[in-house]
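In what follows, every chain begins at residue 1, and chains take the letters A, B, ... in the order their sequences are listed.
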Protein chains: 2
Amino acid sequence: MELDERKKTILKLIIATYLETGEPVGSRTISKFNDLNLSSATIRNEMADLEELGYIVQPHTSAGRIPTDKGYRFYVDNLMEEKEEAEVEKSTLLERVDRMELLLKQVAKVLAYNTNYATLVTAPNYRKTVKFIQLSKVDEATLLAVIVIEGNLIKNQIIPIDTILDNEDVLKFNILLNTFLQGASLEDINLEMINAMKKQSGEYSIILDQIFQGIIEAVHEANELEIYTSGATNILKYPEIGDISKTSELLEKFEDKEELSHLLEETTGNKDDSHDIQVYIGEENTVSNMEDCSIVTATYKMPEGATGTIGILGPKRMDYKKVVSTLKNLTIELDDIFNKRKGVNDDG
Amino acid sequence: MELDERKKTILKLIIATYLETGEPVGSRTISKFNDLNLSSATIRNEMADLEELGYIVQPHTSAGRIPTDKGYRFYVDNLMEEKEEAEVEKSTLLERVDRMELLLKQVAKVLAYNTNYATLVTAPNYRKTVKFIQLSKVDEATLLAVIVIEGNLIKNQIIPIDTILDNEDVLKFNILLNTFLQGASLEDINLEMINAMKKQSGEYSIILDQIFQGIIEAVHEANELEIYTSGATNILKYPEIGDISKTSELLEKFEDKEELSHLLEETTGNKDDSHDIQVYIGEENTVSNMEDCSIVTATYKMPEGATGTIGILGPKRMDYKKVVSTLKNLTIELDDIFNKRKGVNDDG
DNA sequence: TATTAGCACTCAAATCTTTTGAGTGCTAAC
DNA sequence: GTTAGCACTCAAAAGATTTGAGTGCTAATA
């Protein structure tokens, strides 16, 4: 059986009403919509069909209907038209920030504030290259290495050393490091490369080993997938997600970057949706404890084709319209910022 | 009426039992302790006295007794002897970290993990002086200022500039900045000082203004009271703290650094306790929504007399013994680290 | 005089019972 | 195909009952 127009209308009304109220929707409620002009009995018949088709379900015999995952899916794919107005207020919220890290933190925050859901943002998976390295003497026993990576990601690393270095030594090391590492991709920087570099330069000393060790650590850190989250406590606002213990587990999961990257991996696999917005409803994602949640992710693009993800985690009964349109606006804004930034760097 | 020994013993047993079970404690339970050899009737009489004195209270007529704030207070001050054993496992948990920021984050984390309460740690209020400043060219339009502060607190600041600088300029600025600012206290670095410095050096340019602006911002940031927290979700584990909405408010408060610094201010005012451990029980702290919580804070010391605070936020029914002893051990360890570090810096 | 056994009493919490009402499916009429 | 009507269902709310841990008081005891 295909869904005819009337069934679609009724399904849409049921889901929209349920999204608003959170209560199972009965036939009487739907029959009251003027433009429908159908009695509750007719609605009941239609509802029985919709239930048979798996779009809605009764929590118990004498209750109204609530959407199934399949119902939500159909709603998101076919029935929901997006809100377009909300654009005005949002565009002012993102301040220009020239450090990617701070920018993405802010994105997560703004989004959580706007939607009242938990949000997560990953840095783009761009090829991270070293802009430059700066080695400085902090005191007799300590060096500081600062590594600036394309996108102004900055890593500081304290390097304890055994030997006292004079400024000339430090300068020499600086030149050595930058000669070899400037422009190098972080993935390429490993022990072998550094060994090669040592050989080629003819330099060798224990100090150099210590310094390289520090650089490797910093590079390793910089190369880790960063995930920025915000609004975790919003999860508490939606009791349907579960009892305290379930919510608590979910919250802990949300604090665990490992788990989150796992989640994002899973939810950004297939890019079949328009505008790169992905909606994962209920059990469509297989992470445990999240079967009562939906996850909406959007992909933003950097000029060189690198992409990052913005995600929203909320209850299945989520305001999909708002979330999708907010995400769209935000990715557009982000694309914009990255492209403008690129422009500044190239032209100015 | 004064508390005689027997009353003290009984009060102690009541509170200790309540801390374990979380259930109101009845006379029968207490009378079963062998070394007491009293009937429940006698205990009842004593309990009636203790209630009249305000140390315990009945949640309802036919229930056992639970401690009042006054009861907890007496327990903490006079009845509780501390656990001393737990030391062994803890001392290995703190890795040596040479950046204060990372160290304090780790302290918060370790403490939360050990106690299952929410924890907060403030950086010490030491006189922050500039160790050195490093200005580097990121690209044509951008400088990076790195400020290293005593205690290896590192601040990075991106400074956009209008004019192209060559390396010589940057070097010149570096020397200028370090000549004037090395060893300066952050509080002293403000616009006036910088203006004076400009005058005295005879340097003047728009670039310098932009650089100084950036430095001032970074200094300002570095000078803010940093609070590191961990284990916020532990709050969810103690249902007695309140229903979801109350817990949620508490959690949000715990994410708000402003609020937390307010809280810490309040709870570290009077230092009358031994070993600088402060216990604030229930309504003893006046922050709203925290009347069902207790806060235990400890003060750690840096060599120059600067101090910082470690705090634990948990339910009134908290394992005070464990918390106090854990905090003591941790402050000792911290004192140790700071003193050793100082040693390294001075001697090696 | 302090302690205790005994007993009637209290009251929250657990359990069971009843009522309510929103909602359904089915049928017969339109 | 639509709808009015009606018997039926069942979760949730409200009410009634039972249970049991705990109390305070009194009178007997050491």
Side-chain angles (χ1 to χ4, degrees), chain A residues 1-11 13-18 20-68 71 239-240 243, chain B residues 1-11 13-18 20-68 71 239-240 243:
Chain A
M1 184 168 11
E2 253 307 298
L3 290 189
D4 56 28
E5 275 314 306
R6 197 170 73 177
K7 282 198 173 53
K8 282 185 191 169
T9 312
I10 290 173
L11 180 57
L13 284 174
I14 292 171
I15 297 185
T17 309
Y18 182 69
E20 258 182 50
T21 65
E23 298 290 316
V25 182
S27 55
R28 206 109 190 285
T29 314
I30 298 299
S31 75
K32 275 194 202 126
F33 283 92
N34 302 353
D35 36 2
L36 221 52
N37 271 323
L38 290 173
S39 76
S40 62
T42 312
I43 304 293
R44 276 202 288 286
N45 290 331
E46 294 288 43
M47 279 177 155
D49 289 351
L50 285 169
E51 177 153 16
E52 204 180 333
L53 290 167
Y55 293 104
I56 52 180
V57 79
Q58 285 182 287
H60 57 87
T61 322
S62 67
R65 307 307 214 280
I66 60 175
T68 59
E240 65 241 60
D243 55 5
Chain B
M1 183 170 9
E2 254 307 300
L3 289 189
D4 56 28
E5 274 315 307
R6 196 170 74 179
K7 282 198 172 54
K8 282 184 191 170
T9 312
I10 290 172
L11 180 57
L13 285 173
I14 293 172
I15 297 184
T17 309
Y18 181 69
E20 258 182 49
T21 65
E23 299 289 318
V25 181
S27 55
R28 203 108 193 287
T29 314
I30 298 299
S31 75
K32 275 192 202 126
F33 283 92
N34 301 352
D35 36 2
L36 221 52
N37 272 322
L38 290 174
S39 77
S40 62
T42 311
I43 304 293
R44 277 202 287 286
N45 290 331
E46 295 287 42
M47 278 177 156
D49 289 350
L50 285 169
E51 177 153 17
E52 204 180 332
L53 290 166
Y55 292 104
I56 52 180
V57 78
Q58 286 182 287
H60 57 87
T61 323
S62 67
R65 305 311 212 277
I66 61 175
T68 58
E240 66 242 58
D243 55 6

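One finds the CD1 atom of I66(B) at 10.0 Å from the CD atom of E240(B) (value rounded to the nearest 0.5 Å). We find the CD1-CD1 distance between I43(B) and I10(B) to be 4.0 Å, quoted to the nearest 0.5 Å. Between atom CG of residue L53(A) and atom NZ of residue K7(A) there is a gap of 7.5 Å, rounded to the nearest 0.5 Å.
Rounded to an integer number of Å, the gap from CG of N45(B) to C1' of dT26(D) is 11 Å. Spacing between atom CD of E46(A) and atom P of dT2(D) amounts to 7 Å, rounded to whole angstrom units.
Put simply, the side chain of S40(A) never gets that close to the backbone of S31(A): no donor and acceptor are under 3.5 Å apart.
Exactly one residue among E23(A), E46(A), E51(A) makes a salt bridge (charged side-chain N to carboxylate O under 4.0 Å, His left out) with R65(A). That residue is E51(A).
Residue order along DNA chain D, read from the 5' end via each residue's closest nucleotide, puts S62(B) first among S62(B) and A41(B). If you find the closest nucleotide of DNA chain C to R44(A) and to H60(B), the one lying nearer the 5' end belongs to H60(B).
Among the heavy atoms of the strands lying under 4.0 Å from T42(A) is at least one base atom, whether or not backbone atoms are also near. Backbone-only engagement by S27(A) is indicated by non-hydrogen atom pairs under 4.0 Å involving sugar-phosphate atoms exclusively.
For DNA chain C, the contact window with chain B, defined by any atom under 4.0 Å from a protein heavy atom, covers dT3(C) to dA12(C) in 5' to 3' order.
Residues satisfying the side-chain contact (heavy atoms from CB on, under 4.5 Å) criterion with P239(A), sequence neighbours excluded, are absent altogether.
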